[in-house]
Protein chains: 2
Amino acid sequence: MTGKLIGVGLGPGAPDLITLRSARAIEAAKVIAYPALPGTESFARRIAAVHISENTHEIVMEIPMTTARGPAQAAYDQGAARIAEALDLGQDVVVLCEGDPFFYGSFMYLHARLAGRYEVEVVPGVTSVSAAAARAGQPLTARNDVLTTVPAPLDDDTIRQRIESADSFAILKVGRHLARIRALLGALGLADSATYVERATLADERILPLSDAPDPAPYFSMILVTKGADPWLTPPS
Amino acid sequence: MTGKLIGVGLGPGAPDLITLRSARAIEAAKVIAYPALPGTESFARRIAAVHISENTHEIVMEIPMTTARGPAQAAYDQGAARIAEALDLGQDVVVLCEGDPFFYGSFMYLHARLAGRYEVEVVPGVTSVSAAAARAGQPLTARNDVLTTVPAPLDDDTIRQRIESADSFAILKVGRHLARIRALLGALGLADSATYVERATLADERILPLSDAPDPAPYFSMILVTKGADPWLTPPS
């Protein structure tokens, strides 16, 4: 009997925004695995820390942050091989995933490598988009609204086309793209309704009008825009 | 001192997909409020049941399911007034919200009525989209993918335009629109890659190829399509 691969979403960062199911899976785990930037503490492990037992075996996958395909792919290959070793020994392996495992999550790279060979369970988590909206007090979508999430590294034309066809949108991974995105939203007349949210739910969270956002922004930042407030949201006067 | 309005996301339906923060808020609550369809058990209350203390005061808001504006608005007006009464007495009120409060959630109608007058806290929750993807084993978005959520009641032209500009999409609130959406996805060549997910994470969950989906579908159903798998997800051969 081989073990089961369990990808658990941890939510946006605050340790108590983890689900009961993810917390229990981590507490019961004999083997956990998680990514870390080389030489730094793993953000995923930090969110989950209180649920990790002292005797749990930890597989750390050092994933270089690079736009080149090779090094990150090799790191995931190696991580998947180490996880497979534990699964072959009959151990379940719980993989810690910031946010939601299938929403811009690194877990997908392990899933692609292992799902054909092993039983897999995915425990969904609270996304950074839900967290940012909650913290900003800004509703995302009601009734028949369309919500779109758009990564900031895309080119201007693509971003413009994507957000023009949405009622609400979140621009993710803002980082060094902040000035360009701010100019684009300004040209579309959307800058005044845009909210900048950095590290939502963490101790150093910042929520600002887009005009006051830092440039460059950190990687864990996003811009939220709700274009058309659903008329149902307004109580009749 | 008036009380605080706390909207807590409960996640998609399985009771252990609630966050620790939401569970603790409910356990500590002296007053809770939640919507229910007239004459039926509240789905939100059922998800949260194990965390509700015996002595907690419960404000039930009966919300008629109708496309007409008047009756539902009146029900939210009345619910908001009852909640405001408790807040004015200095009590915090915890409002139970299926899924995430700001993602197609009824909490937004209370938020619109009360946020200007009272302190508000929103606790995000796991969305039905994250849950459906997790249960279907179908990744949503990696790297620079665009994700769009589209309500099925929109007209064909609007839906087509919205999903053509997304890499992955979820069509929500399928219900009686199933046959129309299925025909539309077929015409776009997307029917074979579409997964139908009904009542994700509940005991009577069903996950089927779109071709086998029931018509009409229940309200709590969605269709997931991942159009372009990110090439990084494929390990090099």
Side-chain angles (χ1 to χ4, degrees), chain A residues 9 11-12 14-21 23-24 69 72-73 76-77 80 100-105 108-109 111-113 115 120 122-127 130-131 133-135 137-151 153-154 161-162 165-166 230 232-236, chain B residues 9 11-12 14-21 23-24 69 72-73 76-77 80 100-105 108-109 111-113 115 120 122-127 130-131 133-135 137-151 153-154 161-162 165-166 230 232-236:
Chain A
D16 63 347
L17 289 175
I18 192 172
T19 65
L20 299 178
R21 189 180 294 184
R24 288 169 185 161
R69 179 183 162 90
Q73 287 284 331
Y76 284 117
D77 287 346
D100 175 60
F102 278 168
F103 184 71
Y104 305 107
M108 291 187 280
Y109 301 107
H111 184 263
R113 285 162 172 77
V120 179
V122 178
V123 181
V126 174
T127 68
S130 288
R135 294 297 302 157
Q138 189 170 321
L140 290 168
T141 46
R143 292 174 54 79
N144 288 338
D145 288 340
V146 170
L147 172 69
T148 294
T149 61
V150 185
L154 291 169
Q161 197 273 332
R162 300 303 183 259
S165 66
D230 186 295
W232 279 51
L233 290 181
T234 314
Chain B
D16 62 349
L17 289 175
I18 193 173
T19 65
L20 299 178
R21 189 179 294 184
R24 288 168 187 162
R69 180 183 162 90
Q73 287 285 331
Y76 284 117
D77 286 346
D100 176 59
F102 278 168
F103 184 73
Y104 304 106
M108 290 185 281
Y109 300 107
H111 184 263
R113 286 162 173 76
V120 179
V122 178
V123 182
V126 174
T127 68
S130 289
R135 295 295 304 156
Q138 190 169 321
L140 290 168
T141 46
R143 291 174 55 77
N144 287 337
D145 288 341
V146 170
L147 172 68
T148 294
T149 61
V150 185
L154 292 169
Q161 198 274 331
R162 301 301 182 261
S165 66
D230 186 295
W232 278 52
L233 289 180
T234 314

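Only heavy atoms go into these numbers, but all of them, side chains included; no hydrogens, no water, no symmetry mates. Letters A, B, ... mirror the listed sequences (proteins, then strands); counts begin at 1.
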Would you compute the distance between atom OG1 of A/Thr19 and atom CD1 of B/Ile18 and round it to the nearest 0.5 angstrom?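 Spacing of OG1 (A/Thr19) from CD1 (B/Ile18) equals 10.0 Å.
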Measure the spacing between OG1 of A/Thr141 and CZ of B/Phe103 and express it to the nearest 0.5 Å.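 So the gap between those two atoms works out to 5.0 Å.
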With only heavy atoms counted, which part of A/Thr127 is less than 4.5 Å from chain B, the side chain, the backbone, both or neither?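 The answer is the side chain of A/Thr127.
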Could you report the tightest heavy-atom contact between [X] and [Y], atom names first, then the distance?
X: A/Pro139; Y: B/Met108; value: CB-SD, 3.3 Å
X: A/Ala142; Y: B/Tyr109; value: CB-OH, 4.0 Å
X: B/Ser165; Y: A/Gln161; value: CB-OE1, 3.2 Å
X: A/Arg143; Y: B/Pro151; value: O-CG, 3.6 Å
X: B/Ala134; Y: A/Pro124; value: CB-CD, 3.8 Å

If I measure from the heavy atoms of chain A, does [X] come under 4.5 Å with its side chain, its backbone, both, or neither?
X: B/Arg135; value: neither
X: B/Val120; value: neither
X: B/Pro12; value: neither

Using the side chain to side chain contact (heavy atoms under 4.5 Å, CB included) definition, which of the options B/Leu20, B/Val126, B/Val123 pairs with A/Leu17?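 The single option meeting the side chain to side chain contact (heavy atoms under 4.5 Å, CB included) with A/Leu17 is B/Val123.
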Highest number of heavy-atom pairs under 4.5 Å with chain B: which of A/Val150, A/Leu154, A/Val146?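 So the answer, after comparing A/Val150, A/Leu154, A/Val146, is A/Val146.
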For the interface with chain B, which of A/Ala166, A/Pro153, A/Ala14 has the highest count of heavy-atom pairs at distances below 4.5 Å?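 If we count pairs closer than 4.5 Å to chain B, A/Pro153 comes out on top.
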Looking at chain A, which one of B/Val122, B/Leu147, B/Leu140 has the largest number of heavy-atom pairs inside 4.5 Å, strictly under?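 So the answer, after comparing B/Val122, B/Leu147, B/Leu140, is B/Leu147.
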